[in-house]
Amino acid sequence: MRFYALILLAGLLLTGCSSNAPSGQQQKAPAEPAKPAADANRAETGRVAFQRMYVAARGWARDAMPVGLESTPTKEFPGKDGKAGVWRGTFGSATRQAMKPFVWSGINSEDTPTPGINPGSEDSFNSSNISTRPFDFNYLKIDSDKAYEIAQAHGGKEFLAKNKDANIRYTLSFDGRNNQLRWIVSMESASAKARPLTVILDATSGKFLKKG
């Protein structure tokens, strides 16, 4: 018994020695894991944001169809180059007889929705209503960055040169009377020094339609 007790005592002493730091040195605490860097704010074109919301809308209703899309200019992304940090898409479902908005946000701030896809509340929907008639996503051939270029060539370049603080809003809607998907590019001076400029174009062909 005494022999086994001596062996056990020797083992405990060895364990204690190996766990102690060398003489004159303090044992260092384990390093904390690095914190992940905060995601940088980002902007997207209308089609890219719309596609992401479309996936979420199909999760809400299998027959969900696009009804409209609109950007929200922000301080970080006022809408230049056809990109925005916040987009709001609306989708309709004939089986549910309901319409539901989804918001994509790429901005992390108190004044904008949480980054990612944010669903809204349902509203009544009638697919035969001209003002909310759904359209095939394949009609959207011209993205908002190209719409910006077309608007630039029809008064936008001069407007932005005179109004450096301008905000640009992009609205995509289906014109049921003319069976046409349209981009409406609206430029407005933040200081209201100039009358707003609106350029309308065909979102399928890119053809300039009118301005006002």
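The analysis underlying the following values was restricted to heavy atoms, covering all of them including side chains, and did not include hydrogens, waters or symmetry mates.
Partners of S128 by side-chain hydrogen bond (donor to acceptor under 3.5 Å, both in side chains), not counting sequence neighbours, listed by chain and number: N126. T114 pairs by the side-chain contact (heavy atoms from CB on, under 4.5 Å) definition with N118, not counting sequence neighbours. Every residue two or more places apart in sequence or in another chain that forms a side-chain contact (heavy atoms from CB on, under 4.5 Å) with E188 is listed here: P196. By the side-chain hydrogen bond (donor to acceptor under 3.5 Å, both in side chains) test, D111 pairs with no residue at all, sequence neighbours left out. By the side-chain hydrogen bond (donor to acceptor under 3.5 Å, both in side chains) test, Q180 is found to be paired with R182, D202, residues two or more places apart in sequence or in another chain being considered. Applying the side-chain hydrogen bond (donor to acceptor under 3.5 Å, both in side chains) rule to N179 yields no partners; only residues at least two apart in sequence or on another chain are considered.
Sorted by first then second residue, the salt bridge (Lys or Arg N to Asp or Glu O under 4.0 Å) pairs that include residues 91-100, not counting sequence neighbours, are R96-E122. Residue pairs meeting the ring pair (Phe, Tyr, Trp, His ring centres under 6.0 Å) criterion with at least one partner in residues 162-185, sequence neighbours excluded, are absent. Listed by first and then second residue, the salt bridge (Lys or Arg N to Asp or Glu O under 4.0 Å) pairs that reach into residues 142-152 are K146-E149, sequence neighbours excluded.
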Taking only distance into account, with no hydrogens and no angle test, what donor-acceptor pairs under 3.5 Å do side-chain atoms of residues 81-88 form with protein atoms, sequence neighbours excluded?
from, atom 1, to, atom 2, distance (Å)
W87, NE1, E44, O, 2.9
W87, NE1, A84, O, 3.4

Please set out all donor-acceptor pairs under 3.5 angstrom arising from side-chain atoms of residues 203-210, sequence neighbours excluded.
from, atom 1, to, atom 2, distance (Å)
T204, OG1, Y139, O, 2.7
S205, OG, K207, N, 3.2

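V55 and F137 fall into different hydrophobic clusters, where Ile, Leu, Val, Met, Phe, Trp and Tyr are joined by side-chain heavy atoms under 4.5 Å apart, directly or via other members. A single hydrophobic cluster is not seen to contain both V199 and I184; linkage of ILVMFWY side chains at heavy-atom distances under 4.5 Å, directly or through other members, places them apart. L172 and V48 fall into different hydrophobic clusters, where Ile, Leu, Val, Met, Phe, Trp and Tyr are joined by side-chain heavy atoms under 4.5 Å apart, directly or via other members.
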Steps toward side chain to side chain contact (heavy atoms under 4.5 Å, CB included) verdict (M53, L69): CA-CA 10 Å; M53 289 183 280; L69 176 70; 3.7 Å; yes
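Going from atom NZ of K75 over to atom OG of S109 covers 10.5 Å, rounded to the nearest 0.5 Å.
Summarising the geometry of W104 relative to A49, their closest heavy-atom pair is CE3-CB, 4.0 Å, with the distance given to 0.1 Å. Between M65 and P134, the shortest heavy-atom contact is CB-CB, 3.6 Å. Summarising the geometry of L181 relative to S173, their closest heavy-atom pair is CD1-O, 3.5 Å, with the distance given to 0.1 Å.
Of the candidates V185, I168, T45, Y148 forms a side-chain contact (heavy atoms from CB on, under 4.5 Å) with just one, namely I168.
With a 6.0 Å radius and a threshold of 12 heavy atoms from other residues, nucleotides or ligands, Q51 has its CD atom above the threshold.
The other members of the hydrophobic cluster of F125, by chain and number, are V67, M99 (side-chain heavy atoms under 4.5 Å, ILVMFWY only).
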